[in-house]
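Hydrogens, waters and symmetry mates play no part in the numbers below; they use all other heavy atoms, side chains included.
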Amino acid sequence: DANAFEFRLLGRRVPDFEKIVQEHTFDFVYLGTQVGAQRAREDENNKIEWERLNRQDKEALERRRREEASKNIPGATPPPTAPSSRAAAPAAAPPAAGLQIPSTGPTPAAPAEAKEVAASAPLGPGQHEVHITIDRMLGLTTSVSVGPGATIMDVKVKIAAQDPTSAMKVSDIHLALSTEGTGKAPRRLADGTRLTSAHLRLETTEADAAAEEDAKATAKHEEEDFPKPQPARRPKASQPAPLAPRWEVVGGADKGGILVREGRPTNSTQLADRLATGALVEQIALDGERLKYRKLKGAGPEVGWVSLSVSGKELLKPRKPTPEELLTLDKALELQEELMEGFAKPDFQRALRKILAEHPDKAGVQFMRKRSELYLSVQGVVLPKYGFEGTQAGVVRMMAAFNQPHLGVQEIAWNNNEMQKLIV
């Protein structure tokens, strides 16, 4: 599968649509089919956006070239300019040396013009390094890597993801264009600002009233953007019968089990086989010290009458039902719904997005550990309500409990699919 791998040049990913115009040695990186397919889709979208921006910028350059030319011709009338929502700008900054994007359009601008407008050119394909000054006096700096179409918010998310304590919040970060050497006061950039080549050097700044509104709008937008689960409709079914009491055989170890008779009287016919020690039975009827049972597990007759004790010695003892036995279809659906509700909360979704930003390849021990701990922040609260431990072992046991009685149930499968949208 050609999409399952990619090329990199000096650590920079080479998008599928870049044109190779000279000899290069690329690094070969295997991605796998799933990640590869996702990167291929991103490349396709980036190519369309790149071509659109490139075309608009070149049209703007051509208009400017004609206007400049007309000024130098006596009596010439400047050509009309078509309305545009974008300021005139030159062709976007080229990608890595020797790699070119297929382009169409008029002759590029002269070097002086290109230099004048290069600062506002949209980011080209591939990854771009954004350098951020955190504290100029202390010499604290950092850098993040972004692709075409990235915004100031994307940079903030990546900065927050670098904090090993996870204490830094995205809403506490405010960025401005670097003012180093200019003597100017920094002006905060809105979170939705799309990065251009002018934004490759930034610095942190203080919050302002607009930042407060920005943070609220961002939080609201994020919540609207989070996936919303739609649990399956509960099936119309009769109320399940209450679970019958269960008993475990604890006596008769020295005799190969306990005596079983056909009827309640202790002088009724004795069956040939004994009910083995450790067997699990379900109560059909209980009359004093006599129990009519149905065997669930272990060796011995399927049905019969036994004594609960003999001469004061206990032969059977009550056994509480396990979480698996209590997990009826209705309870299983209820458990799924509670998990979905927890996974859909904004705090959980923000934390998950932060982990994914830190580990875009979704691989490695650190990624698996962080994600499991985040999952457990919800599972650890919900599972104990249904008798399972709020631990990884409890999660494994719970998942196994779904396999037998509920495997293949339409509603269970639907909810599992909805849950995957929340945690992947």
Side-chain angles (χ1 to χ4, degrees), residues 6 8 11-15 35 38-50 52-53 86 92-93 95 119-134 140-164 166-178 186-205 207 210-227 346-362 367 370 424:
E6 68 181 16
R8 291 184 184 173
R12 169 189 167 278
R13 181 172 183 271
V14 182
V35 175
Q38 181 182 345
R39 293 279 175 86
R41 287 193 296 271
E42 290 172 357
D43 278 351
E44 190 59 34
N45 293 335
N46 288 342
K47 179 181 179 182
I48 294 170
E49 179 68 7
W50 171 264
R52 183 183 70 79
L53 294 174
R86 289 169 52 84
S120 60
L123 296 181
Q127 294 297 299
H128 300 264
E129 204 75 10
V130 180
H131 300 274
I132 306 102
T133 300
I134 306 296
L140 295 178
T141 63
T142 188
S143 62
V144 300
S145 185
V146 298
T151 64
I152 289 294
M153 172 55 73
D154 296 321
V155 176
K156 290 169 60 172
V157 169
K158 287 178 179 284
I159 293 173
Q162 294 176 349
D163 179 13
S166 299
M168 184 181 292
K169 295 180 180 179
V170 173
S171 57
D172 293 337
I173 303 171
H174 308 286
L175 298 175
L177 289 174
S178 176
R187 295 180 61 185
R188 191 190 65 83
L189 295 165
D191 289 348
T193 303
R194 182 162 297 206
L195 302 186
T196 69
S197 52
H199 298 95
L200 297 182
R201 300 199 71 83
L202 303 172
E203 63 183 56
T204 57
T205 185
E212 301 280 339
E213 293 301 314
D214 232 13
K216 291 178 184 177
T218 299
K220 183 179 179 182
H221 174 72
E222 277 184 347
E223 290 187 23
E224 291 172 353
D225 188 41
F226 292 149
D347 286 348
F348 178 91
Q349 289 296 319
R350 288 192 193 98
L352 180 60
R353 288 191 178 184
K354 182 178 179 182
I355 292 173
L356 294 176
E358 293 171 351
H359 305 275
D361 293 336
K362 299 182 182 179
F367 167 71
K370 290 178 184 177
V424 175

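R353 has its side chain out of reach of V157: every pair of non-hydrogen atoms, C-beta onward, lies at least 4.5 Å apart. Residues L202 and L177 have side chains in contact (heavy-atom distance under 4.5 Å, counting atoms from C-beta outward). Taking 4.5 Å as the limit, some side-chain heavy atom of K156 sits within range of a side-chain heavy atom of L175. In this structure the side chain of E358 never reaches within 4.5 angstrom of the side chain of F367, judged on heavy atoms. By the 4.5 Å heavy-atom criterion applied to side chains, V144 and I159 are counted as neighbours. Residues L356 and K362 form a side-chain contact, since some pair of their non-hydrogen atoms from C-beta on lies under 4.5 Å apart. Under the 4.5 Å side-chain criterion, counting only non-hydrogen atoms from C-beta, D154 is not in contact with L195.
Between the side chain of E6 and the backbone N or O of A40 there is no donor-acceptor pair closer than 3.5 Å. Looking only at distances, a side-chain donor or acceptor of T204 sits under 3.5 Å from a matching main-chain atom of I134.
Atoms OG1 and NZ, from T142 and K158 in turn, are 11.5 Å apart once rounded to the nearest 0.5 Å. Taking NE2 from H131 and OG from S178, the interatomic distance works out to 11.0 Å, rounded to the nearest 0.5 Å. Atoms CG and CD, on L189 and E203 in that order, are 10.0 Å from each other to the nearest 0.5 Å.
Across every non-hydrogen atom of P148 and L123, the tightest pair is CB-O, 3.9 Å. In terms of heavy-atom proximity, A176 sits nearest to P186 at CB-CB, 3.7 Å. Across all non-hydrogen atoms, the minimal contact from A160 to V170 is CB-CG2, 3.8 Å. The nearest pair of heavy atoms linking V130 to H199 is CG1-O, 3.4 Å. I132 and S143 make their closest contact through CD1-CA, 4.2 Å (heavy atoms, listed as atom of the first residue, atom of the second, distance). For the pair E129 and S145, the tightest heavy-atom approach, listed with the atom from each and the gap, is OE1-CB, 4.0 Å.
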